[in-house]
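A short worksheet on the structure shown next.
If you're wondering where the values come from, they're calculated on a predicted model, not measured in any experiment.
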Amino acid sequence: AFGLFTIWAAELQALAVSFVVLAMAFVWATKETIACIQGAVYRLSSNAFQVGDRINVGEIRGDVIDPGLLSTTVLEVGSGHQRTGRTISIPNSLFMTEPVLNESLTGEYMLHLLTIPVDRNADLADLEQRALTAANDACKDFIDDVRRPIALRYRRHGLNPPLVDPRITYRVVDKNTVHLILRIPVPTRLERTVEQRVLRAVLGVPQGRDTLTPPPPSR
């Protein structure tokens, strides 16, 4: 046996190297597929999102319609919180390298943040009052329906439920600009409509034809 091993040592070494090279080539060729499967396992184990949730992954934002083993398909949501009508297939491998922002923690309702940049020398008190008045007017038909589901969803995750009434905070950008950050409770499907209504009130623009119809109550 020792003699045979000595005779065939060079050939066995070459065969072992060949197997190693073949294994490395296989891993290299399938690494993206393996990463996508790992991303799917991560999504399932962490319950990061479900069908119908609105998510952000890197620069991609959309509503989940088909989570698969290798990719997840979303309906793209562009600027102004409007669907573009296009679908995007996201490789599941991105879930291992990019943070996944789920905007649907609160179910059919959400706390939407609207940032309004204004001149620091403007009448901030007047702008704040106009923004809060418009926000309260836009939310009055469904504000009571928002509190309970948001509180239930937060408590389910072990979190203290936030106050859902419209409120404004300030952020100084530079010596000439201040951001008014308005938090508004809205039904997910009315996010754009409420935002535009508030912006029009703050800018003094006549209201458009958007209508605010509260969604049916949750069962």
Using the salt bridge (Lys or Arg N to Asp or Glu O under 4.0 Å) criterion, which residues pair with Asp126? Sequence neighbours excluded.
Arg130
As a quick check of understanding, evaluate side chain to side chain contact (heavy atoms under 4.5 Å, CB included) for Thr73 and Ile88, giving each step before the final call.
CA-CA 6 Å; Thr73 303; Ile88 302 177; over 6 Å; no
How many angstroms lie between atom CG of Leu75 and atom CD1 of Ile65, to the nearest 0.5 angstrom?
4.0 Å
Kindly work out whether a path of hydrophobic side-chain contacts (I/L/V/M/F/W/Y, heavy atoms less than 4.5 Å apart) joins Leu199 to Leu124.
yes
Do any N or O atoms from the side chain of Asn92 and from the backbone of Leu69 form a donor-acceptor pair under 3.5 angstrom?
yes
Got a sec, which hydrophobics cluster with Val51, joining ILVMFWY side chains under 4.5 Å apart, including via others?
none
Atom pair CG (Asp123) and CD (Gln129), whose distance is rounded to the nearest 0.5 Å:
11.0 Å
Taking a hydrophobic cluster as the set of Ile, Leu, Val, Met, Phe, Trp and Tyr residues connected by side-chain heavy atoms closer than 4.5 Å, whether directly or through intermediates, do Leu182 and Val173 fall within one such cluster?
no
Is the side chain of Asn136 donor-acceptor paired with the backbone N or O of Leu132 at a distance under 3.5 Å, no angle test?
yes
Value rounded to 0.5 Å, distance of CG in Asp66 from OG in Ser71:
7.0 Å
Got a second to check how far Arg43's CZ is from Gln50's CD, nearest 0.5 Å?
10.0 Å
Measure across Pro185 and Cys139 and return the closest heavy-atom pair with its distance rounded to 0.1 Å.
O-SG, 3.4 Å
State which residues pass salt bridge (Lys or Arg N to Asp or Glu O under 4.0 Å) with Asp165; sequence neighbours excluded, sorted by chain then number.
Arg147
For side chain to side chain contact (heavy atoms under 4.5 Å, CB included), just list the numbers for Glu195 and Val186, CA-CA rounded to whole Å, side-chain angles, deciding distance to a tenth of an Å, and then say yes or no.
CA-CA 9 Å; Glu195 178 183 284; Val186 294; over 6 Å; no
Check the pair Ile181 / Tyr170 against side chain to side chain contact (heavy atoms under 4.5 Å, CB included), numbers first and verdict last.
CA-CA 6 Å; Ile181 304 175; Tyr170 290 89; over 6 Å; no
Short question: side chain of Asn102, backbone of Ala48 - any donor-acceptor pair under 3.5 Å?
yes
As an exercise, state the distance from CG of Leu101 to CZ of Arg54, rounded to the nearest 0.5 Å.
11.5 Å
Hydrophobic cluster partners of Val172 (side-chain heavy atoms under 4.5 Å):
none
Cluster check Leu70, Phe95: I/L/V/M/F/W/Y, side chain < 4.5 angstrom:
no
Find out if a path of hydrophobic residues (ILVMFWY) with successive side-chain heavy-atom gaps under 4.5 Å connects Leu44 to Ile37.
no
Answer whether the closest heavy-atom distance between the side chains of Glu32 and Pro91 falls below 4.5 Å.
no
Is the backbone N or O of Val77 less than 3.5 Å from a side-chain atom of Asp63, with the two atoms forming a donor-acceptor pair by type?
no
Honestly curious: do Phe49 and Ile60 fall in one hydrophobic cluster under the side-chain, below-4.5 Å linking rule?
yes
Which residues end up grouped with Met24 if you chain together Ile, Leu, Val, Met, Phe, Trp and Tyr wherever their side-chain heavy atoms are less than 4.5 Å apart?
Val20
Closest approach of Ile184 to Ala135 (non-hydrogen atoms, all atoms of both residues)
CG2-CB, 4.4 Å
Start with the C-alpha gap between Arg120 and Asn176, add the side-chain angles, then the distance that decides, and say whether side chain to side chain contact (heavy atoms under 4.5 Å, CB included) holds.
CA-CA 5 Å; Arg120 193 168 182 177; Asn176 297 318; 5.6 Å; no
From CD1 (Ile55) to CZ (Arg61), nearest 0.5 Å
11.0 Å
I need the full list of salt bridge (charged side-chain N to carboxylate O under 4.0 Å, His left out) pairs touching residues 84-102, with sequence neighbours left out, sorted by first then second residue.
Glu76-Arg86
